[in-house]
Amino acid sequence: MPSNAEAAEIFRNIADLLDVLGEKFKPDAYRRASRSIETLTEDLGPIAARDELGTIPGVGDAIAEKIREYLRTGRIAYYDRLQKEVPPGLVEILRLPGLGPKTARRFWVELGIEGPAELADAVAAGRLDRVKGFGPRKIALIRDALRAAAAAPPGGARMPIETAYPVAERIAGALRARSRSDRVEIAGSFRRRRETVGDLDVLVTSDEPEAVFDTFSRLPEVKEVRLRGSTKETCILANGLQVDLRVVEPAAFGAALVYFTGSKDHNVHLRTIARDRGLKVNEYGVFRGEERIAGSTEADVYAALELAYIAPELRENRGEIEAAARGPLPALVDAAEIVGDLHVHLPPSAGPSDVDRIVGEARRRRLTYVGVVIGGPGADGTPWSLPPATVARLIAADDPALRVRRAIEIGPSATPRRLPADGAEFAIGRPTAGSDPADLAAPDGVPVRLIAHVAGAADERAPRGWIERAHALGAAVEVGPGAERLDSTWARHARESGTRLSVATGLGGPPDDPTFPIALGFARRAGALRPDVDNAGGGSTPVVRRPSGRRRS
DNA sequence: GCCGTTTTCGGCCCGACTGTTTTCAGTCG
């Protein structure tokens with residue numbers, strides 16, 4: 001089954017192989033095409049069917065033809081040929097930290113080394129000592145890299161943003177509290193809210209870089225300092241994540257934030273625009289000749305390039321720059337606009353005090369309504385419901401400032417029968433393994449307000465049917481923080497089909513629960529505006545479309 | 001291999017850091 005991810009990987013591998021062969025510009029061209037394909041919102045198949053492969057940034061005639069070949073046959077002959085030409089071990093050498101194409105090629109051509117094992121033998125035998133350009137430090141670095149690669153599984157794995165978020169926030173918080181730094185911001189794909197992050201780019205303004213580096217290096221999360229200069233430090237965390245910390249002056253903070261937030265292709269496009277306007281842009285600012293004309297804020301940088309501000313979540317070079325050149329972009333849904341959450345869970349054993357905790361937190365967050373799930377099929381499929389005393393406390397908590405509503409969860413194959421459906425005011429559809437969206441229906445008189453998917457549901461990778469069902473029921477689709485359960489894909493499909501989203505708030509979770517910022521970011525990446533979001537305020541969103549004849553509180 | 005309100009040919013982002021150097025090459029992001 002051809003996939004965008006696999007095609008992107010093939011083109012990335014082609015770039016590596018061309019690197020080793022000493023090609024100059026082709027590797028970058030293939031990498032650019034690979035990154036474009038990776039961030040596509042649509043499968044390659046339909047794009048090819050419409051004959052629109054050429055509209056993908058970085059894809060020209062030659063790569064379009066290779067994509068068609070891949071879609072047709074599942075293979076690319078050019079790739080197969082390159083793999084025969086270059087020993088596979090050389091690509092492994094290329095992927096060792098600190099070793100690049102030039103070095104790998106020299107090993108191959110000058111020493112006949114074709115893989116990591118032969119390289120290790122050469123190091124051990126001292127064959128590298130006599131080679132020009134290899135001093136003792138370099139050789140030690142190679143030895144370490146080989147040892148690390150042998151000990152660790154093949155690295156480079158990206159981490160789900162949900163996993164990286166708490167540690168990223170802890171680091172940022174520690175830097176804010178313990179150093180004399182004025183501004184601390186985590187940039188990179190983390191700030192763009194990609195589903196996964198490869199590393200963390202932390203940006204700090206301070207007039208004492210050394211003190212910032214000292215604080216950072218001593219954090220308990222930091223396992224190893226890999227390099228340290230006057231403006232930059234690179235560390236490895238205990239969980240394996242790499243963190244690049246940079247200290248910049250306040251006058252350059254906006255420019256640095258743009259630069260290190262990326263994406264790379266967004267930046268390259270910005271520089272092209274700058275050049276067209278007779279300007280230069282780098283991480284220090286926008287320059288006309290020697291004069292810096294912008295740099296302290298991101299808005300200044302975009303304005304100097306005659307562009308409207310572009311939200312980080314949109315910076316993927318998918319047309320956002322062209323749109324910003326035409327005028328202001330529509331405002332994406334904002335954290336302050338989220339006014340409620342209809343899908344708050346309490347465990348079946350929860351008591352009245354748990355209700356108070358949830359309600360208190362909802363008030364602190366200035367929400368105007370919450371829906372609490374009082375029953376549904378449990379993880380094992382058997383029905384459960386909250387104890388009557390807890391439900392009574394829920395009803396009592398309802399007041400004009402915070403409307404509290406009761407929900408039940410339903411699934412097509414496991415519609416609960418022994419639930420207090422009597423007290424439920426709306427239902428939340430929950431896809432279950434192997435179930436058919438068409439079968440999803442709530443008990444009589446109970447409106448379905450939301451369809452929320454959970455990890456492990458069989459159809460979560462093919463959400464279209466569920467989103468269509470939500471659309472037909474007039475329900476919203478919940479967006480959560482799960483990279484692996486493809487929440488951001490759900491958000492994109494829902495948005496493209498005009499189905500409303502609901503942003504999960506993580507209400508009731510632990511203090512460092514990343515649910516809300518990530519779910520919100522996924523919605524924003526999908527281009528969601530306030531009217532697209534069911535739980536974003538604006539006055540037009542009734543909490544529940546209530547069946548007629550019901551009590552009103 | 002891609003791309004074009006300077007171009008269909010001749011460019012291709014740009015700066016920090018490291019190691020090995022007597023002024024620079026390679027790697028990384």
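Reminder, nothing fancy here: chain letters follow the sequence lines and each chain counts from 1.
- A donor-acceptor contact closer than 3.5 angstrom links the side chains of A:T261 and A:R191.
- Without hydrogens or angle criteria, A:S296 side chain to A:A251 main chain gives no donor-acceptor distance under 3.5 Å.
- To the nearest whole angstrom, the two C1' atoms, one in B:dT7 and one in B:dC2, are 13 Å apart.
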Exercise for review: Take nucleotides 1-7 of chain B nucleotide by nucleotide from the 5' end and write B, S or -, depending on whether a protein heavy atom sits under 4.0 Å from the base, only from the sugar-phosphate, or from neither.
Suggested key: BSS----

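- Both the sub-6.0 Å distance and the 45° axial angle are not jointly satisfied by A:K66 relative to the ring of A:F11.
- Judged purely by distance below 3.5 Å, without hydrogens or angles, the side chains of A:N317 and A:H266 never pair a donor atom with an acceptor atom.
- Classified by interplanar angle (parallel below 30°, tilted 30° to 60°, perpendicular above 60°), the ring pair A:Y30/A:Y78 is parallel.
- At whole-Å resolution of the value, CD1 in A:I236 and P in B:dC28 are 13 Å apart.
- Counting heavy atoms of neighbouring residues, nucleotides and ligands inside a 6.0 Å radius, atom CZ of A:R68 exceeds 12 of them.
- For the C1' atom pair drawn from B:dG1 and B:dT6, the interatomic distance equals 22 Å after rounding to whole Å.
- If you take CZ of A:R95 and P of B:dG29, they are 14 Å apart, rounded to a whole angstrom.
- If you measure from atom CZ of A:R31 to atom P of B:dC28, you get 10 Å, rounded to the nearest angstrom.
- At whole-Å resolution of the value, CG in A:L279 and P in B:dC14 are 13 Å apart.
- Atom CZ in A:F260 sits roughly 11 Å away from atom P in B:dG15 (whole-Å rounding).
- Taking atom CZ on A:F107 and atom C1' on B:dT27, their separation rounds to 13 Å, with Å as the unit.
- Between the CZ atom of A:R35 and the C1' atom of B:dC13 there is a distance of 11 Å, given to the nearest Å.
- Rounded to an integer number of Å, the gap from A:L245 CG to B:dG29 P is 15 Å.
- Distance check on atom C1': B:dC3 versus B:dT8 gives 10 Å, rounded to whole Å.
- Among the heavy atoms of the strands, none lies under 4.0 Å from A:L94.
- Among the heavy atoms of the strands lying under 4.0 Å from A:D201 are primed sugar atoms or P, OP1, OP2 only; no base atom is included.
- The side chain of A:N282 places an N or O atom within less than 4.0 Å of a non-bridging phosphate oxygen (OP1 or OP2) of B:dG15.
- Using N1 to N3 plus N6-O4 or O6-N4 for Watson-Crick, or N1-O2 and O6-N3 for G-U wobble, each under 3.5 Å, B:dT8 pairs with nothing.
- In this structure, B:dT7 shows a glycosidic angle within 90 degrees of zero, which is the syn conformation.
- For the P atom pair drawn from B:dT21 and B:dG11, the interatomic distance equals 33 Å after rounding to whole Å.
- Between A:K264 and A:D244, the one whose closest nucleotide on DNA chain B sits nearer the 5' end is A:K264.
- Heavy-atom contacts from other residues, nucleotides or ligands closer than 6.0 Å to CZ of A:R277 number more than 12.
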Practice item. Starting at the 5' end of nucleotides 16-26 of chain B, put B wherever the base has a protein heavy atom under 4.0 Å, S where only the sugar-phosphate does, and a dash everywhere else. Key: SSSSS-----S

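- Counting non-hydrogen atoms under 4.0 angstrom, A:K280 reaches the backbone sugars and phosphates but no base.
- Regarding contacts with the backbone of B:dG29, a side-chain N or O of A:Q242 is found under 4.0 angstrom from either OP1 or OP2.
- Checked by atom type and distance alone, the side chain of A:Y70 pairs as donor or acceptor with a backbone atom of A:S3 at under 3.5 Å.
- In the displayed structure, A:D61 atom CG is contacted under 6.0 Å by at most 12 heavy atoms of other residues, nucleotides or ligands.
- To the nearest whole angstrom, the two P atoms, one in B:dC28 and one in B:dT20, are 16 Å apart.
- Both tests hold for A:R193 against A:F190: distance to the six-membered ring centre under 6.0 Å, angle to the ring axis within 45°.
- B:dT22 and B:dC9: their P atoms are spaced 43 Å apart (whole Å).
- For the 3.5 Å distance criterion, the side chains of A:D265 and A:S263 fail to qualify, holding no donor opposite an acceptor.
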